[in-house]
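Quick caveat, the model's predicted, so the values are computed rather than measured. Chain A is the first sequence line, chain B the second, and so forth, proteins listed ahead of strands; every chain is numbered from 1.
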Amino acid sequence: MKKSGITALSVAAFALFAAACGDDGGSGGGAALKEIGTGEGQLDIVVWAGYAEDGSTDPTQDWVTPFETETGCQVNVKVGNSSDDMVQLMKSGSYDGVSASGDASLRLIVAGDVAPVNVALLTNYPDSAPFLKDTAYNSYKGKAYGQPHGWGANLLQFNTAEVSPAPDSWGAVFDKNSPYKGKVTAYDSPIYIADAALYLMDSQPDLKITNPYALDQGQFDAAVALLKVQRKLIGEYWKDYAKQQAAFEAGSLVIGTTWQVIANYINAGDKAKVDAVLPKEGSTAWSDTWMISSKAKHPNCTYLWMNHISSPEVQAQVAQWYGQAPANVKACNLDDTMKAHCAGYHATDEVFHTQLHYWTTPTKACLDGRGDKCVGYDEWSKAWTEIKG
Amino acid sequence: MTVVGDPAAGGVPNSTRMTPATSITHRLSRLGNRHPRLRLLALLGAPLLWLAIAYLGSLVALLLTSLYTIDSFTFSTIEKLSSSNIKELFTNGVYRTVAVRSITVAALVTIVDLCLALPMAVFLAKVASPRARRALLVAVLMPLWASYLVKAYAWRAMLDPEGGVLNNWVHASPGFGLAGVVTVLSYLWLPYMVLPVYAGLERLPDSMLEASADMGASASRTFRDVILPLLKPSIVAGSIFTFSLSLGDYIAVDLVGGKSQMLGTVVSQSFGASNTPLAAAVALIPVTIMVVYLMAARRTGAFENL
């Protein structure tokens, strides 16, 4: 007994060491799949909340169960709370795929955590809006890294009973004399620095910011200074969408950045009424892509899922549930509801699309091609800690 | 691991010969008798190994990780020793601010818990009947039955400055912020203070209190000059729990802390941003504080009361 105990312990200890030493960053993605075989019976994916509904949130919202029945791939969903979260989860290598936003995707690609895709196997790739393909955040060195999912803008949300007149500028959350001091919120992530930079593009043109994700030291410092002023107005930062919803419903927050889906959730209840608008300065936005892990254990199921989630019918369901523009433009022609939805979200409006600035990982090499003088995301992350003080 | 005896020898069992299996046990026990140190090692080897790997090993890993850096583009850890993260802790004022804030909150939680726990423990140990004592002890421990997360979310609903339970009923609430954090953490860790103080009081003989009263000391004098000095190690033992648990907490801070950052949330945000080395470096701050605290506590004899 004593002996076997020690043996088991040394085995455990060895496993612990192996686990600690075995995982170092991969390099380069694996080769793309040649053809889709039969499903492996299981699929482990990291998603944004609301992207893989199986009817447990709302019985009418279920596009996971039909997929499981059809392909035999049992779907295990892991909700990632933020892009940083998702990168961390994908680095573990235990997941097959991810619905990565632009500020996560490039990090995943360069670190070799995700693999290039064979677009010939993606049945709905040709129907995806052209401006969502071969972008800076989902392709790298000429290779496509995934199936576009959908996109949307970060909006300015306010409580219609408490905030008047209705704001039309991001200035409403940056004005140091704001009457809503203590009830303002902001997204709790280093990427929010880009929102300040976007506002500065308009309010301080002499800073010559052209891309809120490509900031040199001077521009970066100005954005950080603005956010330090904003901190005095903030009641709470939000990261978890349920927390923001609860705070707006209770009334402890009345104005701040949001996603359309959160506004929908709040307005679906009767505790508070909010409006979510795109301010005149435009906005930062997200554009998500389904990517496959370079260590995927179930590649067939992953491709099958990509084809399922990007089909017009499912795209229509997700787009309406989550409150975003579908990547597959065919979803817009399914029925009148979808036509109205796509018009509301400017799904096929390329001009509108270009006014938005999609989350992208800031790098030292400026994304606007000014050379190596920009501030990288590691510094953004440190600055965020500093801003929150 | 059982050794099977030779079947050929099985035909003629020799009553004086032991089976190989028992002879091994016997030999081992004889070995243990002759070498007490070896016996001790066999006895404590497993737990010691566990302690070394799981506790000390993880601390070493933490220290080592804090000396690594990350690639600013791929966010992969570069395993080359550098002191840049440690330097960052000392040069960037924000980490000092956050550390001081965390220590202040932890100290306040400890003081609040002490003020609440002392009268409770005195009542439990010296006033209540044995039957009531049992019921009260269960009541003190009851909050530990529910999940931490449930309690923290419940407090969020209580403290909400607009329409929270406290605000609706008593028209006053600390709201979301440091006051809220101190309130919630004090609630969460109170049993950890009550129990050691109660145990300390129970060991205090009643005769001492009677002697003090006989000699004309007032109740407050007795408390100050008799109870408190004898209780000091117990109080320090309780404070180790309340202080260390508060210092590293991040869930309560996230839920009711408003926009305040504490060490736990900074670690979580750095880790989330894939900067594991910086997160490890920040995590060394509470470790260092606790080592200093424990060394100070050791002098008071608090470890005999844990």
Chain B interface, residue from A:Lys364, A:Lys183, A:Lys243 that has the most non-hydrogen pairs under 4.5 Å: A:Lys243
Does any backbone or side-chain atom of A:Asn81 lie under 4.5 Å from a heavy atom of chain B? Answer side chain, backbone, both or neither. neither
Which atoms of B:Phe271 approach chain A - backbone, side chain, both or neither, heavy atom under 4.5 Å: both
For A:Asp270, does the CG atom sit with more than 12 other heavy atoms under 6.0 Å from it, leaving out its own atoms? no
Output the distance between atom CG (A:Asp84) and atom OG (B:Ser270), rounded to the nearest 0.5 Å. 10.0 Å
Search all heavy atoms of A:Ser252 against all heavy atoms of B:Asp160 and return the closest pair with its distance. CB-OD1, 3.6 Å
Measuring from atom OG1 of A:Thr385 to atom CG of B:Leu278, what distance do you get when rounded to the nearest 0.5 angstrom? 7.0 Å
Interatomic spacing from NZ in B:Lys259 to CG in A:Leu233 - rounded to 0.5 Å: 7.5 Å
Polar side-chain atom of A:Lys382 near backbone of B:Asn92 as donor-acceptor pair, under 3.5 Å: no
Under 3.5 Å, is there a donor-acceptor pair between the side chain of B:Gln269 and the main chain of A:Pro190? no
Heavy-atom closest pair, residues A:Ala247 and B:Arg156: CB-NH2, 3.9 Å
Heavy-atom count check: over 12 atoms from other residues, nucleotides or ligands less than 6.0 Å from A:Lys273 NZ? yes
Listed by residue number, which members of residues 97-104 of chain B have a heavy atom under 4.5 Å from any heavy atom of chain A? B:Val98, B:Arg101
CG (A:Asp188) and CG (B:Asp254) are apart, to the nearest 0.5 Å, by 7.5 Å
Taking every non-hydrogen atom, the tightest pair across A:Gln88 and B:Thr276: NE2-OG1, 4.3 Å
